[in-house]
Undergrad: 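Before we start, here is the structure in question, set down as structure tokens.
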There are 2 protein chains.
Amino acid sequence: MSERVVPEGRRQRRRPTKQGAVLSERLIVETALRLIAQHGAEALSVRRLGAALGADPTALYRYFRNTDALLLAVADEIIGRAQEGWAATGDWRTDLRELGLRIHGCYQAYPQAAALAAHRTTGRPYETRAVERILGVLRSAGFPDPLAVRIYHAFVDQALAFAAQDAAALALPPAAREKEAEVWHAVYGRLSPETHPNVAATLPLLAADMRDSGYPFALELMLAAVAALRPEPSPEG
Amino acid sequence: MSERVVPEGRRQRRRPTKQGAVLSERLIVETALRLIAQHGAEALSVRRLGAALGADPTALYRYFRNTDALLLAVADEIIGRAQEGWAATGDWRTDLRELGLRIHGCYQAYPQAAALAAHRTTGRPYETRAVERILGVLRSAGFPDPLAVRIYHAFVDQALAFAAQDAAALALPPAAREKEAEVWHAVYGRLSPETHPNVAATLPLLAADMRDSGYPFALELMLAAVAALRPEPSPEG
DNA sequence: AACCTTACGTCAACACCATTGACGTGTAAA
DNA sequence: TTTACACGTCAATGGTGTTGACGTAAGGTT
């Protein structure tokens, strides 16, 4: 039997399911995204997705080789949404900042899916486009190829890593999230200044700062360091 | 029945299993770590752990409420190991670099526990000690408190985010991991230079660079940027 | 309009998973 | 020596992803 999946381009016979739904790769991805958004990452199972689609669960295997392939498609969809309407301005620093914040922000919109998919290389169209664009920004800013590639790698991994990290926090059940925020007062606030002088000295600052994501500042630090690596310092400064 | 777990302190009747093993919380945690290290991420299941212990799988539930509780115990052990033998040298840059690489590296050794626990604030002793130490490095390097706190936040989040990110990649089933590595040749290698000129121009560099973690370079970039923020450069250098 | 070919939705089955309730044995305290 | 109960074991439940076989209806061909 070997291949039961037919690539999306060659599909011809769209037969409605018993319950009347007409399946497609796109419909399945969107349904999966909705399922995850509404009922959490653990709600995504083949059987539940089948039920949500109004089809036999195993019908999925006509569209995706396995659940991992489906997950990659979901990840790519998110990457696509992150780039919607973006265009290069010509200023590399502005462009990278914008892309980083967009990627991070878009994953936050689907925390449960992000936690599942942010660490995958999909090799799908939206992802390849993002890679192409970021490399384009760096190369036309004058970074030599080996350096551009290293910076690309650090930049992308940082954006995705923070996205997954912050998404995981958002994806916690509200009670657990609340409790985790309290730890800074409940535990760190009670540490003795003798054993933990530095924590004690900075506690109010700490408790306030840790409420938000560390990404924007980390991104600025990276951009500043990258600027210093640029071969010919532009008049900008 | 409700509580089938007896806290470690109150245990009295240690009965050997059919296969002769005498169970304990400590033995279970260590066996779990060994299982993970030796047979990969997917090897940790209740059944396999039971087999490795020489006990009925469900005997675990006498020691941990569920698998999540077990994983947290395992994670706690890892945090401890990350700081084992570390001491400040007095050079803030060396110290931060060392701590960052240690945290990242230690999580890598136990990927799936890392992926699960790296985004939680535990408030437990090993964690508070790490916070205290990092803040200490920054403050005694002369950073004013508000800046020290922001840097601390970015530094820690980046270390943990990358740790979780890279751990998640390691925790994939071997088949998926293999495939992901191949994507750079199989997909990106076949993109047309007309639609993806920047990818085409840098492909060998890309494929080579993406095999390793982006963290070490990202860390260096952050340290460089932080150095530039330092108020009064000391004679040290 | 009749015919084929086959895509694809469906069904049944498999092997694995975490978790629970009931049970009885053997240990350690009294 | 007795007794209580801790805890290892077993059976069972309901979940998971995935595969192979099957038949139907959709489309292209004639």
Side-chain angles (χ1 to χ4, degrees), chain A residues 1-25 27-28 31-32 35-36 39-72 74 116, chain B residues 1-25 27-28 31-32 35 39-72 74 112 116 171-176:
Chain A
M1 66 149 305
S2 79
E3 261 333 299
R4 75 195 301 164
V5 174
V6 171
E8 187 68 9
R10 315 257 155 172
R11 290 193 174 270
Q12 10 182 0
R13 312 189 183 181
R14 327 207 81 107
R15 166 150 56 152
T17 69
K18 269 191 173 174
Q19 300 172 52
V22 176
L23 301 182
S24 70
E25 204 172 289
L27 176 66
I28 294 173
T31 304
L35 211 55
I36 292 172
H39 304 102
E42 77 286 355
L44 188 65
S45 77
V46 172
R47 283 163 226 273
R48 258 190 285 252
L49 184 48
L53 283 164
D56 187 277
T58 61
L60 292 178
Y61 292 94
R62 300 288 176 194
Y63 294 83
F64 298 97
R65 232 170 45 72
N66 50 36
T67 51
D68 194 66
L70 168 61
L71 185 64
L72 291 183
V74 169
L116 236 59
Chain B
M1 68 154 306
S2 80
E3 263 330 300
R4 76 195 298 161
V5 174
V6 172
E8 187 67 10
R10 315 256 154 173
R11 292 194 172 269
Q12 7 183 1
R13 311 191 182 178
R14 325 206 84 107
R15 165 151 55 151
T17 70
K18 269 190 172 174
Q19 300 172 52
V22 176
L23 300 181
S24 70
E25 203 171 290
L27 176 65
I28 294 173
T31 304
L35 211 55
H39 302 101
E42 78 290 352
L44 190 65
S45 77
V46 172
R47 282 163 227 272
R48 260 189 283 252
L49 185 48
L53 283 165
D56 188 277
T58 62
L60 292 178
Y61 292 93
R62 298 288 176 196
Y63 294 82
F64 299 96
R65 234 171 41 75
N66 51 33
T67 51
D68 194 62
L70 167 60
L71 270 163
L72 285 183
V74 169
Q112 77 290 33
L116 199 86
L172 286 176

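All chains are named by letter (A, B, ...) in the order of the sequence lines, taking the proteins before the strands, and each is independently numbered beginning at 1.
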Undergrad: Let me know the distance between CG of A:L71 and P of D:dG17, rounded to the nearest Å.
TA: 12 Å
Undergrad: Calculate the interatomic distance between A:R62 atom CZ and D:dC22 atom P; express it in whole Å.
TA: 14 Å
Undergrad: Which listed nucleotide (D:dT18, C:dG9, C:dC11) is nearest to the side chain of A:V46?
TA: D:dT18
Undergrad: Nearest to the side chain of B:T67, which nucleotide is it out of C:dT19, D:dT9, D:dT18?
TA: C:dT19
Undergrad: Between B:Y63 and D:dG8, is there a side-chain N or O to OP1/OP2 distance below 4.0 Å?
TA: yes
Undergrad: Is the shortest side-chain N/O distance from B:S45 to OP1 or OP2 of C:dC17 below 4.0 Å?
TA: yes
Undergrad: Suppose we call a contact any N or O donor and acceptor under 3.5 Å apart; does that hold for the side chain of A:R48 and the base of D:dG15?
TA: no
Undergrad: Rounded to whole Å, how long is the line connecting atom CG of A:N66 with atom P of D:dT16?
TA: 17 Å
Undergrad: Any base atoms under 4.0 Å from A:T58, or only sugar-phosphate, or nothing? Heavy atoms, all strands.
TA: base
Undergrad: Mind calculating the distance between OH (B:Y61) and P (D:dT13) to the nearest angstrom?
TA: 17 Å
Undergrad: In this structure, how many angstroms lie between the P atom of D:dG17 and the CZ atom of A:R65, rounded?
TA: 16 Å
Undergrad: Tell whether B:R15 reaches the base of D:dG8 with its side chain through a donor-acceptor pair below 3.5 angstrom.
TA: no
Undergrad: Tell me: CG of A:D56 to P of D:dT24, nearest whole Å?
TA: 16 Å
Undergrad: Quickly work out the B:Q19 CD to D:dG8 P distance and round it to whole Å.
TA: 13 Å
Undergrad: Should B:K18 be listed as having a side-chain N or O under 4.0 Å from OP1 or OP2 of C:dT25?
TA: no
Undergrad: Any donor-acceptor pair under 3.5 Å linking the side chain of B:N66 with the backbone of B:A69?
TA: yes
Undergrad: Pick base, sugar-phosphate or nothing for A:A59, based on heavy-atom distances below 4.0 Å to the nucleic acid.
TA: base
Undergrad: Closest heavy-atom contact between A:L35 and A:A43?
TA: CD2-O, 3.9 Å
Undergrad: Would you say B:L44 and B:V74 make side-chain contact, with heavy atoms under 4.5 Å?
TA: no
Undergrad: Let me confirm one number: the CZ-CG distance from B:R47 to B:D56, rounded to the nearest 0.5 Å.
TA: 10.0 Å
Undergrad: Please report the interatomic distance CG(B:L60) to OG1(B:T31), rounded to the nearest 0.5 Å.
TA: 9.5 Å
Undergrad: Name the residue closer to the 5' end of DNA chain C, choosing between A:L60 and A:R47 according to the nucleotide with the nearest heavy atom.
TA: A:L60
Undergrad: Among C:dC8, D:dT19, C:dT19, which is the nearest nucleotide to the side chain of A:R4?
TA: D:dT19
Undergrad: Could you tell me how far apart A:D68 (CG) and D:dT18 (C1') are, to the nearest whole angstrom?
TA: 14 Å
